[in-house]
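Okay, so here's the structure we're looking at.
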Amino acid sequence: VNTPPERATLEARPIDGEVRALVRSLATSHDQIVFLEQAASHLVRCKGPQDFLTVLEAARVTIGSRAAALHVQDRWLAPVPDWLIDQPKPSKRRRELEAVGSAQPPRDLLAIPFQGGWAVFWGKPGGFEASDMRLAEALTNLLANALQALEARASQAHNERREHEQALATRIWRTIVSEELPEIPHYRRRGLLRPARGVGGDYYLIADEWLLLGDISGKGIPAALFAGMFVSTLRIAVRQPDVGSALEHALHPELERSEMFSTLIGMRLDADGHLAYFNLGHPPALIRRTSSGQIETLPATAPPMGVIKMGAYPTREVQLEPGDMVVVYSDGITEARREMPDGSSVLFGEERLRNSLMRATTPEAVLALVNDEISQWVIEDDLSIVAVQYQPEVA
Amino acid sequence: VNIERLDRGYEAVLRLTGRFDAHQTTPFQTVFRAISGDVCIDMAGVGFIDSSGLAALVSSFRQCRERGARLRIVNLQDPVRLILEITRLHEVLPIEGREAVV
């Protein structure tokens with residue numbers, strides 16, 4: 001007779017237990033959802049890995065463990081016990097770790113690796129449950145995403161800074177190695193200076209009555225640095241009796257150390273049409289004579305600057321007549337290339353430049369013709385050209 | 001450029017073929033720096049040289065001078081010889097005539 005109530009109690013106990021377990025797991029789920037919401041919104045705003053510690057602490061409280069630690073970017077974000085310091089990152093999630101060194105890891109722990117780091121929780125009365133593992137994994141997924149976002153932001157900032165510096169350097173270089181040519185009395189002049197990559201090793205300038213045009217071996221920033229040095233040094237060197245030797249004194253050691261050299265053509269353009277020049281390994285300047293229509297050349301008088309010390313750099317002289325035109329250029333023009341239908345490639349060459357020079361009667365026309373012609377060609381190098389015409393003004 | 005290294009006891013021979021330009025100077029420098037003794041650069045197969053190629057030749061000349069080794073540049077094709085003459089580098093670089101390199 002007494003059995004039924006007893007049976008009822010026996011049945012009621014497990015049901016009661018299930019309900020309690022359900023309520024507890026619902027409460028746990030609620031805690032976890034609250035935690036995840038807060039963690040996600042916190043990580044979106046985080047500035048660096050140090051901000052991860054706040055989220056880790058919230059996770060520790062939700063899980064109910066005594067301690068937690070986080071390893072990202074090759075370091076622990078906060079001090080950790082001796083048993084943990086030298087632990088290698090586990091390849092998968094673990095519930096125990098082997099001792100590294102003399103200190104013994106605790107028996108109850110959770111270790112979860114993720115892309116970019118790993119997290120450890122230890123010391124929970126009653127042991128870790130499956131729901132703790134799920135929460136810890138949700139946390140590490142969030143952290144991995146946050147790390148990636150931080151790295152992407154950092155590399156974007158780095159690129160923006162580099163682009164900004166590159167643009168600034170180009171602007172500064174352009175003020176040192178200017179395309180503008182100041183006036184030179186009794187001469188009409190026009191120049192074109194086009195580096196292959198923003199800055200380059202071609203340079204030209206007019207300093208006092210000198211026109212100078214040079215080409216540093218190589219391209220890009222190293223060549224551009226030397227182009228700037230040449231321009232600055234030449235402004236002083238042209239006031240010395242031997243321009244080449246002044247330049248050699250100032251720049252030969254640096255060129256040799258850097259395994260670079262510069263070709264350079266310099267010409268002093270006097271008011272009476274007298275022209276004194278030196279040519280250091282540069283393609284010959286071309287002179288188109290008005291009277292005959294013939295083209296003469298000013299070949300190299302010495303090897304390029306920086307190859308060997310010559311000591312002295314004597315100039316040679318020619319006399320210009322009114323209307324005569326002088327063209328100096330870098331090999332960026334003559335070495336412009338074009339692919340032929342049969343797969344071979346031809347160079348622009350000096351001949352095509354001469355033809356443009358034959359057809360033009362002013363510096364402006366020479367540059368316009370060359371510009372038109374060369375636009376059909378592939379230019380891989382820095383390119384520069386200056387045309388000057390002797391045009392004495394009647395006093 | 002194809003760079004081939006031959007050793008014939010008293011000197012290492014670097015045989016170059018193709019265009020000697022900016023694309024080829026880095027592999028050339030790598031091979032060149034590995035040599036400790038005298039060097040002969042055989043240019044028989046080079047039909048074109050640009051300013052980067054010239055810079056590489058000048059650099060190898062300097063390196064040999066610094067370590068007290070002898071450098072010879074042989075078998076120039078006409079277009080290359082012309083460029084060396086235009087730049088007057090033929091007055092500086094140790095250029096020799098034609099010779100058969102095994």
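All values below were derived from every heavy atom in this structure, side-chain atoms included, with hydrogens, water molecules and symmetry-related copies excluded.
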Options A:G306, A:A302, A:P284, ranked by heavy-atom pairs under 4.5 Å with chain B, top entry: A:A302
So which donor and acceptor atoms of chain B and chain A come within less than 3.5 Å of each other?
| residue | atom | partner | partner atom | Å |
| --- | --- | --- | --- | --- |
| B:S59 | OG | A:E259 | OE1 | 2.8 |
| B:R62 | NH2 | A:M260 | O | 3.3 |
| B:R62 | NH2 | A:G306 | O | 2.2 |
| B:R65 | NH2 | A:E256 | OE2 | 2.8 |
| B:R88 | NH1 | A:A300 | O | 2.8 |

Residue pairs fulfilling ring pair (Phe, Tyr, Trp, His ring centres under 6.0 Å) with at least one residue in residues 29-79 of chain B, sequence neighbours excluded: B:F28-B:F32
Minimum heavy-atom distance between A:A387 and A:L367, given as atom pair plus value: CB-CD1, 3.9 Å
Nearest heavy-atom neighbours spanning A:P283 and A:I265: O-CD1, 4.5 Å
Listed partners of A:A167 passing side chain to side chain contact (heavy atoms under 4.5 Å, CB included), at least two apart: none
Interchain contact, A:P299 with chain B, by part (heavy-atom threshold 4.5 Å): neither
Interatomic spacing from CE in A:M358 to CG in A:L286 - rounded to 0.5 Å: 11.0 Å
Distance (rounded to the nearest 0.5 Å) between B:I41 CD1 and B:I73 CD1: 5.0 Å
Side chain B:E99, main chain B:N75, donor-acceptor under 3.5 Å: no
Segment of B:L54 engaging chain A (4.5 angstrom heavy-atom cut-off): both
Region of B:A22 in contact with chain A, defined by heavy-atom distances below 4.5 Å: side chain
Validation row: B:R98, B:V74 side chains within 4.5 angstrom (heavy atoms): no
